[in-house]
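One structure is given below, encoded as structure tokens.
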Amino acid sequence: MTAIAAQALTWYDEHARDLPWRSPDATPWGILVSEVMLQQTPVVRVLPAWLNWLDKWPTPAHLAADTPAEAIRAWNRLGYPRRALRLHACATALVSQHEGQVPDAVDALLALPGIGAYTARAVAAFAFGRREPVVDVNVRRFVARAVTGLADGGAATTPADFALVETLLPAEDAPRVSAAFMELGALVCVARSPRCADCPVVRTCAWRAAGQPAAEGPGRRPQGYAGTDRQVRGLMMALLRDARDPVPLRTLDAVWPDEVQRRRALAGLVEDGLAYEVGAGLYSLPV
DNA sequence: TAAGCGTGGTT
DNA sequence: TAACCAAGCTT
């Protein structure tokens with residue numbers, strides 16, 4: 001095993017958070033749900049939603065038997081409600097194509113709605129113990145610093161990222177090493193103020209040795225939210241989620257002053273399958 | 001390939 | 001306080 005993997009494992013044994021989807025009792029379905037919920041949403045907000053979701057839909061068949069609208073409601077305010085829609089579609093695909101079971105092969109996982117390069121490998125590793133490089137933003141940052149000597153992992157995940165992480169994984173216990181890398185990136189090797197004093201690989205960290213140079217190139221594009229279509233969509237989705245009956249257009253219209261933007265936002269929601277016009281000027285979640 | 005997609009906590 | 005950040009996916 002590489003030194004970095006061994007050090008990360010030792011640290012993880014002592015410092016790993018006790019998260020329910022890491023429990024030996026967690027099912028592949030529970031782990032898959034956690035991974036989808038954790039796409040761009042912090043752990044603290046996922047926790048209650050995950051517990052409620054698994055209580056309500058303990059298997060893919062339970063979710064597939066319910067409506068997309070209920071999935072979107074249970075999603076609550078986790079953000080990016082398309083993920084709820086895709087998770088429902090994923091459950092349906094699991095029932096129709098995989099006998100209601102979560103597959104253990106990366107290729108099969110990648111073919112499911114809402115499951116991309118990261119999530120497919122995370123499920124293969126954490127639910128089935130497979131040796132797959134699990135590369136999220138935390139792992140990319142940790143490996144970029146500790147191994148490559150750069151301040152961050154760059155704009156997007158590349159095939160080279162998977163290849164590099166793969167070389168760090170031991171033959172045995174690879175999923176725990178991946179979890180350790182992720183946890184280090186999430187708790188110690190964080191983006192803004194890394195806690196190098198608490199890091200198990202600080203003595204060999206390439207970024208540290210190079211004097212912690214700043215990130216190269218232009219930073220990420222501003223992620224502005226106020227005044228965007230996303231904000232308008234979010235306001236409309238909140239109304240649709242909380243309504244038991246179809247919502248009149250004029251009620252949706254009340255969420256935002258600009259008519260052009262309102263029209264665009266609602267059309268986008270309908271286009272994405274998050275909203276349906278169930279009657280003349282009446283909208284609801286997909287049923 | 002880069003833009004679009006929610007929401008809320010932290011600095 | 002505005003900007004940053006968060007277990008990405010899809011087109």
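Lettering follows sequence order; numbering is per chain, from 1. Side-chain atoms are counted along with the backbone in the values below, which use heavy atoms only and exclude waters and symmetry mates.
Using a 4.0 Å heavy-atom distance criterion, A:Thr119 is classed as a sugar-phosphate-only contact.
The distance from atom CD of A:Gln40 to atom P of C:dC5 is 13 Å, rounded to the nearest whole Å. Between the CZ atom of A:Arg230 and the P atom of B:dG8 there is a distance of 14 Å, given to the nearest Å. Computed from coordinates, the A:Tyr225 OH to C:dT1 P distance equals 19 Å when rounded to whole Å. Atoms OH (A:Tyr118) and P (C:dC9) sit 8 Å apart, rounded to a whole Å. Protein atom CG of A:Leu85 is 15 Å distant from nucleotide atom C1' of B:dG6, rounded to whole Å. Regarding A:Arg121, its CZ atom lies at a distance of 15 Å from the P atom of C:dG8, rounded to whole Å. Per the geometry, CZ belonging to A:Arg141 stands 11 Å off C1' belonging to C:dA7, to the nearest Å. Taking atom CH2 of residue A:Trp50 and atom C1' of nucleotide C:dA7, one finds them 14 Å apart after rounding to whole Å.
Counting only heavy atoms from C-beta on, A:Arg83 has its side chain closest to B:dG6 among B:dC5, C:dG8, B:dG6.
Between A:Phe142 and A:Phe181, the ring planes lie tilted relative to each other; the angle falls in the 30° to 60° range.
Residues from residues 5-39 of chain A with heavy atoms under 4.0 angstrom of DNA chain C, sorted by number: A:Arg17, A:Leu19, A:Trp21, A:Arg22, A:Glu35, A:Leu38, A:Gln39. Taking every heavy atom of residues 231-257 of chain A and every atom of DNA chain C, no pair lies under 4.0 Å. Against DNA chain C, the stretch residues 182-199 of chain A makes heavy-atom approaches under 4.0 Å through A:Met182, A:Ala186, A:Ala191, A:Arg192.
Of all non-hydrogen atoms in A:Glu132 and A:Ser178, the two that sit nearest each other are O-OG, 4.0 Å.
Atom CZ of A:Arg203 has 12 or fewer neighbouring heavy atoms from other residues, nucleotides or ligands inside a 6.0 Å radius.
At least one side-chain heavy atom of A:Leu87 sits less than 4.5 Å from a side-chain heavy atom of A:Leu32.
Along DNA chain B, the nucleotide closest to A:Arg86 and the one closest to A:Val44 are compared, and the more 5′ of them pairs with A:Arg86.
Taking the six-membered ring for Trp, A:Trp75 and A:Trp53 have ring centres closer than 6.0 Å.
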